[in-house]
There are 2 protein chains.
Amino acid sequence: MAKHDPDLSLIFQALSDPTRRTMLARIGLGAVPVSELARPTGLALPTVMRHLSVLEEAALIRTEKTGRTRLCHARPETLAATADWMAEQRLIWEARSDRLEAYVANLIKDA
Amino acid sequence: MAKHDPDLSLIFQALSDPTRRTMLARIGLGAVPVSELARPTGLALPTVMRHLSVLEEAALIRTEKTGRTRLCHARPETLAATADWMAEQRLIWEARSDRLEAYVANLIKDA
DNA sequence: ATGTTACTTAGTCATATGGCTAAGCATGAC
DNA sequence: GTCATGCTTAGCCATATGACTAAGTAACAT
């Protein structure tokens, strides 16, 4: 059991690098082999592998090796969980703004 | 002009630290002075200040000094912009899953 | 069997990050 | 004026990060 729930620290850390975001966007369009992910970046393969392992440890992707090529797949659940956290914070922050606006509006009305 | 748009690298980097997420959540509830943010963390003040400057450079918060105390305010626009990026990726990833599911369903139907 | 392809592993290096202490500098209280 | 308060600045330290090269290993292809 226990699909050990999303670790926001690992996820945000993974998302904080532009190279990784680019790779992730590409993977999001459909499964990709490592070498094809590496090509547009111009980075050395070991470097790309490290980026991938960061993404995999954050559970943003899953990889599977067939023969000598490794395919990278997106894991939408993780992205969804993260989006949920953001949405939650957003609600709180904006509720707060609403209260502030209401307060200001009230001040103006009474002036 | 140009409110120089949100830098996702800075934002995700800022969000990747649990201490900063905690501080951010607190600030999201309403403006807080630095010392009050520091207290529950048990961290030294300079450390807290550094966390705050990371959050401020990511435009997740704004701070304003009055007398000798500095107040920290949330900046919901930045969180909103980030949530938008996530929502966008999510759509793409899930659209992809849908297509895959449709494909599988089709295979099964024809079997 | 031999070579090529596609990763892997190991190890190095420069810079960034997150924490600290020790002083410093305004502001508000007495 | 003097002192406590609330940040600020400066500088140090350990570890993490992102990049590399060089050398390995496991599949295919011929």
Side-chain angles (χ1 to χ4, degrees), chain A residues 6-27 30-75 78 82, chain B residues 6-27 30-75 78 82:
Chain A
D7 181 329
L8 289 177
S9 295
L10 289 179
I11 294 169
F12 287 131
Q13 170 62 33
L15 292 176
S16 74
D17 184 278
T19 301
R20 281 193 296 262
R21 284 199 305 279
T22 302
M23 297 195 306
L24 203 53
R26 176 75 181 71
I27 295 170
V32 205
V34 172
S35 49
E36 200 168 325
L37 273 176
R39 188 150 10 92
T41 66
L43 293 173
L45 254 205
T47 306
V48 172
M49 292 302 284
R50 266 178 89 104
H51 281 305
L52 287 176
S53 72
V54 170
L55 289 171
E56 190 163 19
E57 273 171 36
L60 283 164
I61 67 170
R62 157 177 72 77
T63 74
E64 121 195 61
K65 190 158 185 177
T66 314
R68 58 188 160 165
T69 79
R70 179 177 292 279
L71 263 191
C72 306
H73 306 260
R75 294 189 56 180
T78 306
T82 311
Chain B
D7 181 329
L8 289 176
S9 295
L10 289 179
I11 293 168
F12 286 131
Q13 169 62 33
L15 293 175
S16 74
D17 185 277
T19 302
R20 282 193 294 262
R21 285 199 304 279
T22 302
M23 298 195 306
L24 203 53
R26 176 76 180 70
I27 295 170
V32 206
V34 172
S35 49
E36 200 168 325
L37 273 175
R39 189 150 11 92
T41 66
L43 294 173
L45 253 205
T47 305
V48 171
M49 293 302 284
R50 268 178 88 105
H51 281 305
L52 287 176
S53 71
V54 170
L55 289 171
E56 191 163 18
E57 273 170 36
L60 283 163
I61 67 170
R62 157 176 71 76
T63 73
E64 122 195 60
K65 191 159 186 176
T66 314
R68 58 187 160 164
T69 80
R70 178 176 294 278
L71 262 190
C72 306
H73 305 260
R75 294 189 55 179
T78 305
T82 311

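We use all heavy atoms of the structure for the numbers below, so side chains are in, but hydrogens, waters and symmetry mates are not. Order of the sequence lines fixes the chain letters, A, B, ..., with proteins taken first and strands second; residue numbering starts at 1 for each chain. The structure presented is a predicted model; accordingly, all values stated were derived computationally and were not measured.
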- Looking at every strand, decide which applies to A:Ser35 at a 4.0 Å heavy-atom threshold: base, sugar-phosphate, or nothing.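 Sugar-phosphate contact only - A:Ser35 comes under 4.0 Å of backbone atoms but never of a base.
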- Task: Determine the contact category for B:Pro46: base if any of its heavy atoms lies under 4.0 Å from a base atom, sugar-phosphate if only primed atoms, P, OP1 or OP2 are that close, otherwise nothing.
- Result: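 Counting heavy atoms under 4.0 Å across all strands, the contact made by B:Pro46 includes a base.
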- Task: Report yes or no: does A:Thr63 contribute a side-chain atom to a donor-acceptor pair with the main-chain N or O of A:Arg70 at less than 3.5 Å?
- Result: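 The answer is no, because no donor-acceptor pair under 3.5 Å joins these two groups.
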- Are any side-chain N or O atoms of B:Arg20 and backbone N or O atoms of B:Ala14, one a donor and one an acceptor, separated by less than 3.5 Å?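 Between the backbone of B:Ala14 and the side chain of B:Arg20 there is a qualifying donor-acceptor contact (under 3.5 Å).
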- Query: Can you find a heavy atom in the side chain of A:Phe12 that is under 4.5 Å from one in the side chain of B:Asp17?
  - Reply: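 A:Phe12 does not reach B:Asp17 side chain to side chain.
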- Query: Do A:Leu52 and A:Ile27 have side chains that get closer than 4.5 Å, going by heavy atoms?
  - Reply: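 They are in side-chain contact.
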- Query: Want to settle it: does A:Thr66 or A:Val54 sit nearer the 5' end of DNA chain D, counting the closest nucleotide to each?
  - Reply: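 Looking at the nearest nucleotide for each, A:Val54 comes out on the 5' side.
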Taking atom [atom2] of [N] as reference, at what distance in whole Å does atom [atom1] of [X] sit?
X	N	atom1	atom2	result
A:Leu45	C:dC7	CG	P	7 Å
A:Leu52	D:dG18	CG	C1'	14 Å
B:Leu71	D:dC7	CG	C1'	13 Å
B:Glu64	D:dC7	CD	P	13 Å

Side chain of [X] only, please: which of [options] is the nearest?
X	options	result
B:Arg68	D:dA4, C:dA6, D:dT21	D:dA4
A:Arg50	C:dA6, D:dA19, D:dC7	D:dA19
A:Ala44	D:dT8, D:dC20, C:dG19	D:dC20

- Identify, residue by residue, the members of residues 8-26 of chain A with a heavy atom below 4.0 Å from DNA chain C, and return them in order of residue number, or none.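 Here the set is empty: none.
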